[in-house]
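Step one of this worksheet: look at the structure below.
Just the heavy atoms: all of them, side chains too, but no hydrogens, waters or symmetry mates, feed the values below.
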Amino acid sequence: MTQVTQLLQRMHAGEAAARDALFAAAYEELRRLARSRLRDGGRNTVLETTSLVHECYLRFVTAGELRAEDRRAFFAYASQVMRSVILNNVRERQAERRGAMRRI
C-alpha cells in the first residue's frame, strides 16, 4: 500500500492532519501532473505549474470530502480538477478579450 493510499484512508477515518500530509506527500507528483497538463494545454493559459497545483489544492479543500479511495483515483481526480482550472482560466481570458468586463 502506498503512502498516498494510507493517507487517504487516514483522511477518510477523520484524521484532520491527514489531508495536509497527503498533499505534502503527493506535491512533487502533482507538480509533474500539472506540468503535463499545462504542456498539453498549449499557449492559451498563463497559469504556472505551482499556481495550478495550489489552485487544485484549494478546490479540494473547498469541495468538502475527497472520495478517492486509492492513489490512482486520487491522481485521476486531481487531473480532472486541473483540467477544470485550466479551462476556466482560458474562458476568463477569452471573455476579457471580447470585452466582457467592459459591459458592466
Between the main-chain N or O of Gln80 and the side-chain N or O of Ser84, is there a donor-acceptor pair closer than 3.5 Å?
no
If you define the side chain from C-beta out and look only at heavy atoms, does anything of Leu22 sit under 4.5 Å from Gln3?
no
In terms of the angle between their ring planes, are Phe23 and Phe74 parallel, tilted or perpendicular, with boundaries placed at 30° and 60°?
perpendicular
Can you name the residues that form a salt bridge (charged side-chain N to carboxylate O under 4.0 Å, His left out) with Glu15, not counting sequence neighbours?
Arg10
Looking at SG of Cys56 and CZ of Arg37, how far apart are the two atoms once the value is rounded to the nearest 0.5 Å?
10.5 Å
How long is the gap from CE on Met82 to OG1 on Thr49, to the nearest 0.5 Å?
9.0 Å
What residues form a salt bridge (charged side-chain N to carboxylate O under 4.0 Å, His left out) with Arg19, not counting sequence neighbours?
none
Minimum heavy-atom distance Arg59-Val81, with the two atoms named
CB-CG1, 4.0 Å
When you look at CZ of Arg35, are more than 12 heavy atoms from neighbouring residues, nucleotides or ligands closer to it than 6.0 Å?
yes
Where do Leu47 and Val85 come nearest, in terms of heavy atoms and distance?
CD1-CG1, 3.9 Å
CG of Leu38 to CG of Asn89: how many Å apart, nearest 0.5 Å?
9.5 Å
Quick one: closest heavy-atom pair of Leu52 and Ile86, and the distance?
CD2-CD1, 3.9 Å
Check: Thr5 side chain, Asp70 main-chain N or O, donor-acceptor pair, under 3.5 Å
no
So Glu48 and Ser51, do their side chains get closer than 4.5 Å, heavy atoms only?
yes
Whether Arg71 and Glu29 form a salt bridge (side-chain N of Lys/Arg under 4.0 Å from carboxylate O of Asp/Glu) is what I want to check.
yes
So, do Tyr27 and Tyr57 have ring centers that fall under 6.0 Å from each other?
no
In one Ile/Leu/Val/Met/Phe/Trp/Tyr side-chain cluster, 4.5 Å: Val4, Val61:
yes
How close do Leu33 and Phe75 get, heavy atom to heavy atom, and via which atoms?
CD2-O, 3.7 Å
Check: Ala68 main-chain N/O paired with His12 side-chain donor or acceptor under 3.5 Å:
yes
